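Predicted model only: the values in this text are computed from it and were never measured.
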Amino acid sequence: MEKQIVLALTIVLCHFALSSAIDGTATYYTPPYTPSSCYGYVNMGTMIAAASDTIWDNRAACGRNYRVTCTGPTNSGDLHPCTGASVVVKIVDYCPSGCRGTIDLSQEAFSAIAHLDAGKIKINYVRV
């Protein structure tokens, strides 16, 4: 009986986590990744991203982690840009007004979830 309750609870929690993901778009930027708006000249690695106004929250996004998953193309160029993987990135920078995506991933983070040739992809993301 306990195993059935744990299984049911796991299924409910997984469904909630999947349903709370937000749709958006992602682009990427290339090194150097410093300085950044959040950490100046401190190197925060390569699994990082810049937040657009949608998630920037007046600098409150600094240090937040997001799981980002490619869900499809934004144009007719590469019809299957996604690798099938997800990536967790830390917000370290600001992508100013006019930013082409909801989140601007490092080149390394973008290439983990999509082909670089796509340039811009549809995503879903969730704070973790």
- side chain to side chain contact (heavy atoms under 4.5 Å, CB included) filter on Ile22, not counting sequence neighbours, yields Tyr125
Name each donor-acceptor pair under 3.5 Å that joins a side chain in residues 58-65 to protein atoms two or more places apart or in another chain, with its distance.
| unit_1 | atom_1 | unit_2 | atom_2 | d |
| --- | --- | --- | --- | --- |
| Arg59 | NH1 | Ser37 | O | 3.1 |
| Arg59 | NH2 | Ser37 | O | 2.7 |
| Arg64 | NE | Ala60 | O | 3.3 |
| Arg64 | NH2 | Asp57 | OD2 | 3.2 |

- Heavy atoms only: give me the nearest Gly119-Arg100 pair and the separation to one decimal. O-NH2, 3.9 Å
- Closest approach of Gly101 and Thr25, non-hydrogen atoms and distance? CA-OG1, 3.2 Å
- Message: For a 4.5 angstrom cut-off between non-hydrogen side-chain atoms, does Ile113 reach Ile121?
- Response: yes
- State, to 0.1 Å, how close Ala114 and Thr83 come at their nearest heavy-atom pair, and which atoms those are. N-CG2, 3.7 Å
- Please round to the nearest 0.5 Å and tell me the distance separating atom OH of Tyr66 and atom CG of Leu105. 12.5 Å
- Note, Ile123 side chain near Asp23 side chain (heavy atom, < 4.5 Å): no
- Contact list for residues 82-94, test salt bridge (charged side-chain N to carboxylate O under 4.0 Å, His left out), sequence neighbours left out: none
- Task: Tell me, please, which residues at least two apart from Asn43 pass side chain to side chain contact (heavy atoms under 4.5 Å, CB included).
- Result: none
- Task: Show your reasoning for whether side chain to side chain contact (heavy atoms under 4.5 Å, CB included) applies to Ile48 and Val92.
- Result: CA-CA 6 Å; Ile48 57 173; Val92 301; 3.7 Å; yes
- Task: For His115, enumerate each residue passing the side chain to side chain donor-acceptor pair (under 3.5 Å) test, keeping only those at least two apart in sequence or located in another chain.
- Result: Asp78
- Message: Side-chain heavy atoms nearer than 4.5 Å, only ILVMFWY residues, links allowed to pass through others: does that put Ile55 and Tyr39 together?
- Response: no
- Okay, side chain of Ser52, backbone of Thr102: is any donor-acceptor separation there less than 3.5 Å? yes
- Quick one: which residue pairs count as a ring pair (Phe, Tyr, Trp, His ring centres under 6.0 Å) with a foot in residues 85-113, not counting sequence neighbours? Tyr28-Phe110, Trp56-Tyr94
- Name all residues meeting the ring pair (Phe, Tyr, Trp, His ring centres under 6.0 Å) criterion together with Tyr33; count only those two or more places apart in sequence or in a different chain, and write none if there are none. Tyr29
- Qualifying disulfide bond (SG atoms under 2.5 Å apart) pairs with a residue from residues 96-128, counting only residues at least two apart or across chains: Cys95-Cys99
- Note on the structure: Heavy-atom closest pair (Ala51 atom, Ile91 atom, distance to 0.1 Å) is CB-CG2, 3.8 Å
- Message: For Ser86, give me all partners under side chain to side chain contact (heavy atoms under 4.5 Å, CB included), at least two apart in sequence or on another chain.
- Response: Arg67, Thr69
- Thr34 (side chain) donor-acceptor with Ser36 (main chain) under 3.5 angstrom: no
- Message: Go through it in stages, so that I can follow the logic: the residues are Val68 and Val88, the test is side chain to side chain contact (heavy atoms under 4.5 Å, CB included), and I'd like the CA-CA distance, side-chain angles, deciding distance and then a yes or no.
- Response: CA-CA 6 Å; Val68 182; Val88 174; over 6 Å; no
- Kindly state each residue pair satisfying salt bridge (charged side-chain N to carboxylate O under 4.0 Å, His left out) with at least one member in residues 108-128, sequence neighbours excluded. none
- Query: With a cutoff of under 4.5 Å between side-chain heavy atoms, which Ile, Leu, Val, Met, Phe, Trp and Tyr residues group with Tyr41?
  - Reply: none
- Thr27: what forms a side chain to side chain donor-acceptor pair (under 3.5 Å) with it, not counting sequence neighbours? Asp104
